[in-house]
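Numbers here are sequence positions counted from 1.
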Amino acid sequence: MNPSWIWLTIALPFIGFLVNGALALAKPEAKRVVAIVGPGVLLAAFAVAVGIFAGLWGNPPDQPLVFPLWAWIGAGGLEINLALQVDQLSLVMLLVVTGVGSLIHIFSVGYMVADPGFARFFAYLNLFMVFMLILILGSSLPVLFVGWEGVGLCSYLLIGFWYQEKANADAGKKAFIVNRIGDFGALVAMFILFWSLGTLEFAEIATLAPTTLAVGGATVTAATLFLFLGCAGKSAQIPLYVWLPDAMAGPTPVSALIHAATMVTAGVYLVARTSVLFAMAPLSSAVVAGVGALTAIFAATIGLRQYDIKKVLAYSTVSQLGYMFLGVGSAAYTAGVFHLVTHAFFKALLFLGSGSVIHAMHHAYHATHSHDDAQDIRNMGGLKRYLPTTFILMLLATLAIAGIPPFSGFFSKDEILASAFGRGAEHPIYYLFWALGAAAALLTAFYMMRMMAMTFWGENRTGATEREHLHEAPMVMTGPLIVLGVLSVIGGVINLPAFWPTPPHHGLERWLEPVLAPAARLMPVQIPHGATEYALIGAAILIAVVGLVAGYRTTLAKPITAAQQAPEEVGFAKVLFHKYYIDELYHSLIVRPLVGISRFVLWRFVDQGVIDGAGVNGSAGLMKSLGWLGTRLQSGQLGFYVIVFLVGAVWLLHSVIR
């Protein structure tokens, strides 16, 4: 298929948004039409993406293919077209977003069919995909930023989808507001780049930056640090990660879509897309790697003591995103993108699998327990007897995220850790980053197996009556899980390392080389070889196995108490359960002072005192006083009018004669 048809991948889900949006307003009960249109437009977009990829596979372009749609902004020296860019990186992202997104849309048909907002949900979901595709296909930073802001808007709509509950509405607002902080950084970075390079087109930035900006200079360092601030907001890195766990307030398919293949990967994608700039800024790259490593270990520790099945996976996402930034911050841009792809497979499977579990628990707990009880893994146990397919598929995803070979996560995570270790020979701080990443890998294997053990093994804790209603989800939900299960097992084949006995080797690396080569020339990736490489691989496997075994044995070593009877957490476990009290700290140090300033300074002084007092009320008082003076003149006494007339006439004559 001709690459010029790339606009269809955006137009198709936009048509779905228009159709489903109209149905949501006019005929929300038309669920059959929505169930066809919602996933159908995404499957069609995926087919277009596959066609374009197949057309370029044998003859990939050396330079990006840019397709202008129309002139957008023209102001002075700023000329920006609304244009789409097709190259190896955008095609990888396009296949992942439309492919995994299609599976999530299909799953959503079964998961949301009973919801009265079915049509509205798919309208939001389709619109989300429109903006995500604009983000990854935009040929310039401003076009990307349209998609960047659009997915922020749609995340607000989807996270707060059940807005009748205040907690859900607050979670949507939290995601929207926290991301605005990061967006400020992205805007400042754009101003710096346009001021220094005179362009915001990605192709021109890659060409001009190495010849215009000084390597390690203040300009490129400032631009990349501000860019990373935007990435930290969108991809939930310290200190802007707090919105992502609360995003669990939305329906489970939303969690899968946001966490697996779309919005949270945008920051990693932007670093890879502007890799030339980060390769020219060693300090910024070290910051990216350091924040990523710290986020990976920090979020993993929180995951150790969470009981909501979706919250465990949420902190797992934050941690895995940290790995991706550790990779791109170590100049291993291919490894970062590789982990983005494999993570999309196994994390979408984990979230949709948790949706299958929650679906079964809701049926069992219908009208007897709260929504939170149905998601608490302390209330589960022994579910592998009732949900065997879901159990097997989630176990495969757990082995993948833990880094057990030959599952997909092993190859991408190992490549990231090896790259960080290799860069340590030149910059020893990277040895610390590697150690943090390795420790996070151990904790990841532990808490993921703990979640699996509490959910699927041991004695069932749902209750005798509720147990009779436990069952597998319908095929419309299980089918996407099976596809993702296959991808989680074999997904690593797209970039097998050289030591792997069967080809093809380094497939993704060779595919992305034309896009990432300029950055590689400035900051080559450093992966150890020989005995060191095999020692790192052995250590990674050992860490994963120890974590899995320890997670299983310690979790089932003693009886698990249902949530209602469970004792309160104590000691450091309580700190982890409350997520280090970071939300409470932010509320005390940031939210409450801002609310106080807004209430007493902006509201009482500025709004009531200046605007209402001097402005609205003051002008009203002035008009009232002038009116009162007018009433004094209109006394109704004829003699008074004659006197005033004579005084005026005398004054006028005096003025004329003088």
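Scanning for salt bridge (charged side-chain N to carboxylate O under 4.0 Å, His left out) contacts around Lys27 gives an empty result, with sequence neighbours left out. Not counting sequence neighbours, the partners of Arg180 by the salt bridge (charged side-chain N to carboxylate O under 4.0 Å, His left out) test are Glu149, Asp183. Listed by chain and residue number, Asp376 satisfy the salt bridge (charged side-chain N to carboxylate O under 4.0 Å, His left out) test with Arg378 (two or more places apart in sequence, or in another chain). Annotation: salt bridge (charged side-chain N to carboxylate O under 4.0 Å, His left out) contacts of Arg450 (sequence neighbours excluded): none.
A ring-centre distance under 6.0 Å is not found for Tyr124 and Phe128. No close placement of the Phe278 and Phe228 rings is indicated, their centers lying 6.0 Å or farther apart.
Within the 3.5 Å criterion, the main-chain N or O of Gly152 finds a donor-acceptor partner in the side chain of Ser155. Distance alone, capped at 3.5 Å, is enough to place a donor-acceptor pair between the Ser598 side chain and the Leu594 backbone. One N or O on the side chain of Ser102 and one on the backbone of Leu42 form a donor-acceptor pair closer than 3.5 Å. Without hydrogens or angle criteria, Lys413 side chain to Ile401 main chain gives a donor-acceptor distance under 3.5 Å.
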Would you mind writing out the side-chain donor-acceptor pairs for residues 30-41 within the sub-3.5 Å range, not counting sequence neighbours?
{"unit_1": "Lys31", "atom_1": "NZ", "unit_2": "Val113", "atom_2": "O", "d": "2.6"}
{"unit_1": "Lys31", "atom_1": "NZ", "unit_2": "Asp115", "atom_2": "O", "d": "3.3"}

I'd like a table of donor-acceptor pairs (distance under 3.5 Å, sequence neighbours excluded) in which one partner is a side-chain atom from residues 578-585, with atom names and distances.
{"unit_1": "Tyr580", "atom_1": "OH", "unit_2": "Thr301", "atom_2": "OG1", "d": "2.9"}
{"unit_1": "Asp583", "atom_1": "OD1", "unit_2": "Lys174", "atom_2": "NZ", "d": "2.6"}

Exercise. Which is it for Leu340 and Met93 under the side chain to side chain contact (heavy atoms under 4.5 Å, CB included) test, yes or no, and what are the steps along the way?
Worked result: CA-CA 9 Å; Leu340 183 157; Met93 293 295 297; 3.8 Å; yes
For this session: Please step through side chain to side chain contact (heavy atoms under 4.5 Å, CB included) for the pair Asn81 and Trp72, ending with a clear verdict.
Result: CA-CA 5 Å; Asn81 292 324; Trp72 180 27; 5.8 Å; no
For this session: Carefully, step by step, assess Asn179 and Met263 under the rule side chain to side chain contact (heavy atoms under 4.5 Å, CB included).
Result: CA-CA 11 Å; Asn179 271 276; Met263 179 172 166; 3.8 Å; yes
Exercise. Ile159 and Tyr156: side chain to side chain contact (heavy atoms under 4.5 Å, CB included), yes or no, with the steps?
Worked result: CA-CA 5 Å; Ile159 293 168; Tyr156 163 75; over 6 Å; no
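Among the candidates Leu133, Leu69, Leu84, the single residue satisfying the side chain to side chain contact (heavy atoms under 4.5 Å, CB included) test with Ile6 is Leu84.
Counting all heavy atoms, side chain and backbone alike, Leu352 lies closest to Phe107 at O-CZ, 3.3 Å. Contact detail for Met112 and Trp162: the closest heavy-atom pair is CE-CZ2, 4.1 Å.
Under the 3.5 Å distance criterion, with hydrogens and angles disregarded, no donor-acceptor pair is assigned to the side chains of Thr295 and Tyr241. With 3.5 Å as the limit, one finds a donor-acceptor pair spanning the side chains of Thr342 and Ser412.
Leu393 is not listed as a side-chain neighbour of Leu484, based on a closest heavy-atom distance of 4.5 Å or more.
Taking the six-membered ring for Trp and thresholds of 30 and 60 degrees, His339 and His343 have ring planes inclined between 30 and 60 degrees apart.
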